[in-house]
Every structure is written in C-alpha cells, then in structure tokens.
Amino acid sequence: MNEFTNKAIEIIRQIPKGKVATYGQIAKLAGNPRSARRISHILHQYSSKFKLPWHRVLNAKGEISLQVGTGLEEQKAMLEKEKVKFQKDRIDLNEYLWQI
DNA sequence: ACATTGACTGCTA
DNA sequence: ATAGCAGCCAATG
C-alpha cells in the first residue's frame, strides 16, 4: 500500500451519497492525474475489504465502465437507489459530479 | 524480467 | 455525437 493508494481510498470514502466521481478525478486528487487506471485496480482490490462506495465511480463520460454480467447492473441499481438518474446508460455529470 | 491486460483519458477527425 | 488512437501505469502470468 503506497501513498497514492491510501489517498485514493480516503477520497473515494468521501464521495457523498447521490454524487459520483470519475476515475481521473480521483487519480488527480490523489496526486497523479495520469493514473486513472490504478483506481480501477484499487477498487478491485479494496472495495470488498474496505466497503468503499465503488458504485459512485464512473468513467469520464459519466458511464459505467463495467460490462454486462460483471457488476454493471448491480452498480446501476445501487446508484438509482441513491436517486441518481440514468439517461440511456449515462448520467449527467453537470448535475451529479462530486465537486469539492 | 517481459508481455499483456485493463472498472481510463484526452485529442483528433 | 461517435470512433479511433496514443499515452498511461500497476497488476498479472
């Protein structure tokens, strides 16, 4: 566990209910704008162990980056339960993106 | 040690 | 709006 990972986890923890963040945004806040892909690795590893709100993390377009059958539907369901509305498999980042 | 693989991004056309 | 592409970098085998 390095500092980047640690920060990223702390940041993900702070995403408020009903808001979302993007991989790139988290990577940037954690100190390395170019490590968006690491966020996905982190989620894979720690979402189950640390109870992170992994479902509030989307790609830069506001879409879920999972493929059907690998958790996409689960994620979508959890977001909708938090009143995040989808418009054809995509959410409106102007409205839901978490901003500090 | 090397090559491949991603829950990514931003630019270009 | 959409698609292709190069850059990116840790994890994995």
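Note: hydrogens, waters and symmetry copies are ignored here, and every other heavy atom, side chains too, is used. Residue numbering restarts at 1 for every chain, and letters A, B, ... go by the order of the sequence lines.
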Contacts of A/Phe50 that satisfy ring-ring contact (aromatic ring centres under 6.0 Å, His included) - sequence neighbours left out: A/Tyr46
Given atom NZ of A/Lys28 and atom C1' of B/dG10, what is their separation to the nearest angstrom? 13 Å
Under 3.5 Å donor-acceptor, A/Gln75 side chain and A/Val57 backbone: yes
Quickly work out the A/Ile9 CD1 to C/dA10 P distance and round it to whole Å. 15 Å
So which protein N/O to nucleotides 1-8 of chain B N/O distances come out below 3.5 Å?
residue	atom	partner	partner atom	Å
B/dA7	OP1	A/His44	NE2	3.4
B/dA7	O4'	A/Ser65	O	3.4
B/dA7	N7	A/His44	NE2	3.0
B/dA7	N3	A/Tyr23	OH	3.1
B/dC8	N3	A/Arg37	NH1	3.2
B/dC8	N4	A/Arg37	NH1	2.8
B/dC8	N4	A/Arg37	NH2	3.2

Roughly how many Å is it from CD1 in A/Ile42 to C1' in C/dA10, rounded to a whole number? 9 Å
Determine the Euclidean distance between corresponding P atoms of B/dA7 and C/dG7; express it in Å to zero decimal places. 22 Å
Considering only heavy atoms, which members of residues 90-99 of chain A lie under 4.0 Å from some atom of DNA chain B? none
Consider side chain to side chain contact (heavy atoms under 4.5 Å, CB included). Of A/Val20, A/Leu79, A/Leu58, which one does A/Tyr96 pass it with? A/Val20
Strictly below 4.0 Å, N to O, side chains only: are A/Lys76 and A/Asp89 in salt-bridge contact? yes
For the pair A/Asn59 (side chain) and A/Gly62 (backbone), establish whether a donor and an acceptor sit closer than 3.5 Å, ignoring hydrogens and angles. yes
Does A/Arg13 come within less than 4.0 Å of A/Glu10, counting only side-chain N to carboxylate O? yes
Can we say A/Lys17 and A/Glu82 salt-bridge, meaning some charged N sits less than 4.0 Å from an Asp/Glu carboxylate O? no
Inspect the surroundings of NZ in A/Lys28 and state if more than 12 heavy atoms from other residues, nucleotides or ligands are less than 6.0 Å away. no
Could you check how far CD of A/Glu63 sits from C1' of C/dT2, rounded to whole Å? 11 Å
